[in-house]
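Residue numbers start from 1 in every chain, and the chains themselves are labelled A, B, ... in the order their sequence lines are given, proteins ahead of strands.
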There are 2 protein chains.
Amino acid sequence: MSYASFASMPCTLSRPAALLGERWTLLLLRQIFLGTRRFEDFQSTMEISRSVLTDRLNVLLQEGVLKRVPYQEDGRTRHEYRLTEKGRDLYPVMMALRTWGERWMAPEEEESFHLHHRNCGGGVRAKVECTECGAELTARDVQVTPKQ
Amino acid sequence: MSYASFASMPCTLSRPAALLGERWTLLLLRQIFLGTRRFEDFQSTMEISRSVLTDRLNVLLQEGVLKRVPYQEDGRTRHEYRLTEKGRDLYPVMMALRTWGERWMAPEEEESFHLHHRNCGGGVRAKVECTECGAELTARDVQVTPKQ
DNA sequence: TAGCTGAGTTCGAAAAACGAACGCAAGGGA
DNA sequence: TCCCTTGCGTTCGTTTTTCGAACTCAGCTA
């Protein structure tokens with residue numbers, strides 16, 4: 001009656017936070033952005049229990065973050081889980097996590113993968129900006145006004 | 001033996017994802033960015049059980065995301081939970097969640113609060129950009145290279 | 001016909017979350 | 001002094017989730 005209520009609250013931050021804040025969901029999305037698409041591959045690379053994996057995939061399907069896409073293998077029809085446009089649009093969330101991780105959780109230069117802009121080879125960074133003047137913003141530059 | 005292993009993996013995305021992906025943690029951070037600072041206020045506004053709240057606050061303290069700051073009230077010394085610099089630097093993660101929520105989870109123009117740039121009054125938006133050429137990037141513009 | 005494989009489902013045990021009651025220190029008031 | 005209140009947790013028995021090993025099932029393959 002309580003965690004679930006955030007998922008239906010009229011707040012554009014609490015709803016995503018409740019959805020992605022379930023255990024395994026962010027890690028599952030990481031795996032998806034890294035290219036994993038099949039049930040068996042999620043299960044073996046993440047060591048998540050099969051029943052929880054089923055549940056999380058279903059929630060993401062229901063929310064429209066993922067879609068099941070049929071494909072052929074060995075002459076058989078199988079399905080894989082792929083990001084929808086809504087799902088792909090979570091990219092800034094993942095990159096914001098990574099940008100933070102690089103700054104604050106990387107004792108050495110450890111990384112398990114590199115990211116770079118296909119066009120120019122540059123690095124990748126998440127940031128917050130003003131839609132009017134384009135300035136980069138931190139929490140302190142932003143005024144919060146409760147509605148009403 | 002398995003969820004916890006992501007928290008110590010040498011990957012700058014999986015570590016933050018495991019930390020913030022525990023139930024309640026993202027919602028707790030939302031509340032903090034909205035200005036809540038005291039145990040009692042978290043508990044009453046979020047309807048989280050006191051024991052879980054204690055645990056999540058302690059994890060965030062241990063990780064250095066929050067700090068306990070003494071203050072005076074009614075002549076008594078109390079403590080409140082405040083963001084450290086590391087914690088404040090999670091702002092882009094929260095804003096990325098909100099930017100996504102506004103696009104994909106707002107059936108009407110519902111919002112429980114407004115955000116705007118103190119200087120110019122403009123809106124707030126999270127984005128991903130190239131550190132070299134400054135272009136805004138989507139998942140498709142980025143090449144992933146497993147290290148080694 | 002039997003076997004294999006990917007993708008789940010089932011189910012008993014373990015871990016996490018819940019929530020109501022309890023503890024405790026530091027005032028304040030009578 | 002004694003009792004009450006407040007803020008901040010801790011305890012503990014119950015309910016929910018998660019775990020993980022075994023089971024199912026459909027569609028090939030030998």
Carboxylate-amine/guanidinium proximity below 4.0 Å for [X] and [Y]:
| X | Y | value |
| --- | --- | --- |
| A:Glu80 | A:Arg68 | no |
| B:Glu132 | A:Arg125 | no |
| A:Glu102 | B:Arg15 | no |

Please give, in whole Å, the distance from [N] [atom2] to [X] [atom1]?
| X | N | atom1 | atom2 | value |
| --- | --- | --- | --- | --- |
| A:Glu47 | D:dC19 | CD | P | 11 Å |
| A:Met46 | D:dG20 | CE | C1' | 16 Å |
| B:His79 | C:dC24 | NE2 | P | 18 Å |
| A:Arg37 | C:dA7 | CZ | C1' | 18 Å |
| B:Glu80 | D:dG7 | CD | C1' | 13 Å |
| A:Leu61 | C:dG8 | CG | C1' | 13 Å |
| A:Tyr3 | C:dA16 | OH | P | 16 Å |
| A:Gln43 | C:dT5 | CD | P | 16 Å |

### Query
Reckon B:Tyr81 has a side-chain N or O less than 4.0 Å from the OP1 or OP2 of D:dG7?
no

### Task
Mark up nucleotides 25-30 of chain C, 5' to 3', with B wherever a protein heavy atom is under 4.0 angstrom from a base atom, S wherever such an atom reaches only the sugar-phosphate, and - elsewhere.
BBS---

### Query
What about A:Ile32 and A:Val69, same hydrophobic cluster or not, with Ile/Leu/Val/Met/Phe/Trp/Tyr joined at side-chain heavy-atom distances under 4.5 Å?
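Each belongs to a different hydrophobic cluster.
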
#### Entry: ring-ring contact (aromatic ring centres under 6.0 Å, His included) pairs, two or more places apart, involving residues 42-95 of chain A
A:Phe33-A:Tyr91

### Query
Base, sugar-phosphate alone, or nothing: which one does A:Phe42 contact when heavy atoms must sit under 4.0 Å apart?
nothing

### Message
So, using side-chain hydrogen bond (donor to acceptor under 3.5 Å, both in side chains) as the criterion, who are the partners of A:Thr77 when residues are at least two apart?
### Response
A:Gln72

### Query
Stepwise, does the side chain to side chain contact (heavy atoms under 4.5 Å, CB included) test hold for B:Val65 with A:Trp100?
CA-CA 11 Å; B:Val65 170; A:Trp100 187 77; 4.0 Å; yes

### Query
For B:Asp89, what residues pass the salt bridge (charged side-chain N to carboxylate O under 4.0 Å, His left out) criterion, not counting sequence neighbours?
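Testing B:Asp89 for salt bridge (charged side-chain N to carboxylate O under 4.0 Å, His left out), a comparison that skips the adjacent residues, returns A:Arg103.
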
### Task
Mind listing the residues from residues 49-58 of chain A sitting with a heavy atom below 4.0 Å of DNA chain D? Number order is fine.
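Contacts with DNA chain D under 4.0 Å: A:Ser49, A:Arg50, A:Ser51, A:Val52, A:Arg56.
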
#### Entry: B:Lys86/B:Glu63 under side chain to side chain contact (heavy atoms under 4.5 Å, CB included): CA gap, chis, key distance, verdict
CA-CA 9 Å; B:Lys86 178 173 175 178; B:Glu63 289 290 337; 4.0 Å; yes

### Query
At their closest point, which heavy atom of A:Cys120 faces which heavy atom of B:Cys133, and how far apart are they?
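Heavy atoms only, the tightest pair is SG-SG, 3.8 Å.
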
### Summary
Which of B:Leu28, B:Leu66, B:Thr25, B:Leu19 passes side-chain contact (heavy atoms from CB on, under 4.5 Å) with B:Val59? It is B:Leu19

### Task
Ignoring the backbone of B:Glu40, work out which of C:dC18, C:dA7, D:dG7 is nearest its side chain.
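Ranking C:dC18, C:dA7, D:dG7 by closest atom to the B:Glu40 side chain puts D:dG7 first.
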
#### Entry: Residues within residues 18-36 of chain B bordering DNA chain C, heavy-atom distance below 4.0 Å
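Going residue by residue through residues 18-36 of chain B, the ones with a heavy atom under 4.0 Å of DNA chain C turn out to be B:Arg23, B:Trp24.
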
